[in-house]
There are 2 protein chains.
Amino acid sequence: MARPRSTAADSAILDATRATLVELGWPKLTMGHVAARAGVAKTTLYRRWPSKSALVVDAVAILFDELELPDRGSLRGDIEGVVGSFATLLERPETKTSLMAVVAESTRDPALRVHIREAIVQRQKHLVQEGRDRAQRRGELTSAPHPGTAARQVDLIFDVIAGAVVHRALVSAEPVDGAWTTMFTELLLGGLSSLDEASDSASAY
Amino acid sequence: MARPRSTAADSAILDATRATLVELGWPKLTMGHVAARAGVAKTTLYRRWPSKSALVVDAVAILFDELELPDRGSLRGDIEGVVGSFATLLERPETKTSLMAVVAESTRDPALRVHIREAIVQRQKHLVQEGRDRAQRRGELTSAPHPGTAARQVDLIFDVIAGAVVHRALVSAEPVDGAWTTMFTELLLGGLSSLDEASDSASAY
DNA sequence: GCCATTTCGATACGACTCGTAGCGTAACAC
DNA sequence: GTGTTACGCTACGAGTCGTATCGAAATGGC
């Protein structure tokens, strides 16, 4: 009908949000700072995002798209690769300080919880599916009997990998280095083949 | 020398903190609220805790002591038990809203990070060691070759269990129910025996 | 029992953030 | 052009933060 919303402002705001996260960290990031840095009025921010948390989710979600799953020739290699790149991502100050913060706020804000699930979790879950498909083609894993079982296994593996790496890096606050990754991958490989056998023996799940 | 600090005030403050967490949640919890509820001046809070986060860590850490590892006769049973009780703990509003929040702030506050590690992580790590010892006595696992390897395995297992359950419950925001626990335990058992064999074959780690 | 010492409750403070409202101006669709 | 909408700017009340200051209260040492 009339003047459309400036898409330039959108990206300027998201860029400014990431830059401010790096510089000040989540707790000291304010809507005022972001607005000033983006060369935009504070009102413009509130016209597009209901809260600081929602803004940060969008600003950070894009960063997760850099996660890839290059084919390293084996399931072991693929897992070690994705763990490494995820750990690298978590070391960036933008993600490190804000990821836990938005999750924390989401425990009291259902809309934000859905927002995170769609923008980050579900959006990256294809990585697990892809790794699984590859392993099946290589004959390292067999396909699950029921489609529902397969989906639940993908969900489980995603929670285990993401959860373990996040916990190691941010809660235990110790490095996700080669030694840890090797050991974790060994654990996961053993677990996966165990799941494979268990679901082959019919009734299990 | 003179008037000692009131221990009654200490516990009144911690109780008030938990109660306020339940009622208002982390984001709306203020030092003013806690002080008023505890029947204490705001100044008294700041004399003992440097920040809201540090106060909440102490208030919540005690709750983790209710985690137990009753002997269910098998490693499988023990794991399922501890996963269940951890999930129950995470469902309580005091922990749910505040755990991620303090971790988030700890990414920019080294002192707080150490505080969390000592009060929560290290304090509960004995559960893993205990489960492992039991499994060895039952003959379900063998002891690691080097003591350093054993310690690293305990750290890894702790991160995997705690991380996966937290991620499932708070990030994916889906229930840690019996089906999930069964599947996760199966994964972990397979992984543990795999680690066992790998570390038996000498040089591995 | 008395006194020095330290904590305690109360209050006030400036600085900051929040989210919203009101305004005139600028940019686009038709 | 003209109407409609987004924009930048400013101001606002409410609320929080962490600190400073004060007299009163409680305790240990003598």
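To find a chain, count down the sequence lines: A is the first, B the second, and so on, and within it residues start at 1.
Side-chain contact between B:Asp15 and B:Arg18 is present, with at least one heavy-atom pair separated by less than 4.5 Å.
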Quiz: residues 27-35 of chain B side-chain donor-acceptor pairs under 3.5 angstrom, not counting sequence neighbours:
unit_1: B:Thr30; atom_1: OG1; unit_2: B:Gly32; atom_2: N; d: 3.4
unit_1: B:Thr30; atom_1: OG1; unit_2: B:His33; atom_2: N; d: 3.0
unit_1: B:Thr30; atom_1: OG1; unit_2: B:His33; atom_2: ND1; d: 3.2
unit_1: B:His33; atom_1: ND1; unit_2: B:Lys28; atom_2: O; d: 3.3

Please table the atom pairs, donor to acceptor, closer than 3.5 Å between any side-chain atom in residues 155-164 of chain B and protein atoms at least two apart or in another chain.
unit_1: B:Asp155; atom_1: OD1; unit_2: B:Lys125; atom_2: NZ; d: 2.9
unit_1: B:Asp159; atom_1: OD1; unit_2: A:His167; atom_2: ND1; d: 2.7
unit_1: B:Asp159; atom_1: OD1; unit_2: A:Ser172; atom_2: OG; d: 2.6

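Annotation: salt bridge (Lys or Arg N to Asp or Glu O under 4.0 Å) contacts involving residues 77-90 of chain B, sequence neighbours excluded, comprise B:Asp78-B:Arg134, B:Asp78-B:Arg138. Sequence neighbours left out, the pairs with a member in residues 173-195 of chain A that pass ring pair (Phe, Tyr, Trp, His ring centres under 6.0 Å) are A:Trp180-A:Phe184. Within the structure, the salt bridge (Lys or Arg N to Asp or Glu O under 4.0 Å) test picks out the following pairs touching residues 39-52 of chain B (sequence neighbours left out): B:Asp10-B:Arg48. Pairs engaging residues 97-113 of chain B under the salt bridge (Lys or Arg N to Asp or Glu O under 4.0 Å) rule: none recorded [sequence neighbours left out].
Considering only residues two or more places apart in sequence or on other chains, B:Arg72 meets the salt bridge (charged side-chain N to carboxylate O under 4.0 Å, His left out) condition with none of them. Looking at residues two or more places apart in sequence or on another chain, you find a salt bridge (charged side-chain N to carboxylate O under 4.0 Å, His left out) between A:Glu23 and A:Arg37. For B:Trp49, the ring pair (Phe, Tyr, Trp, His ring centres under 6.0 Å) criterion is met by no residue, not counting sequence neighbours.
For the OP1/OP2 pair of C:dG9 and a distance below 4.0 Å, the side-chain nitrogens and oxygens of B:Thr44 include at least one atom meeting the criterion.
Note on the helix from C:dG1-D:dC30 to C:dC30-D:dG1: angle between the axes of the first and last five pairs equals 30°, rounded to 10 degrees.
For A:Pro4, the listed nucleotide lying nearest its side chain is C:dC28; candidates were D:dT27, C:dC28, C:dC8.
Shown for residues 95-113 of chain B: no residue has heavy atoms falling under 4.0 angstrom of DNA chain C.
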- Message: How would you summarise protein contacts on nucleotides 16-21 of chain D per nucleotide, using B for base, S for sugar-phosphate only and - for none, with heavy-atom distances below 4.0 Å?
- Response: SSBBB-

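Atom C1' of nucleotide C:dC18 and atom CG of A:Leu45 are separated by 13 Å, given to the nearest angstrom.
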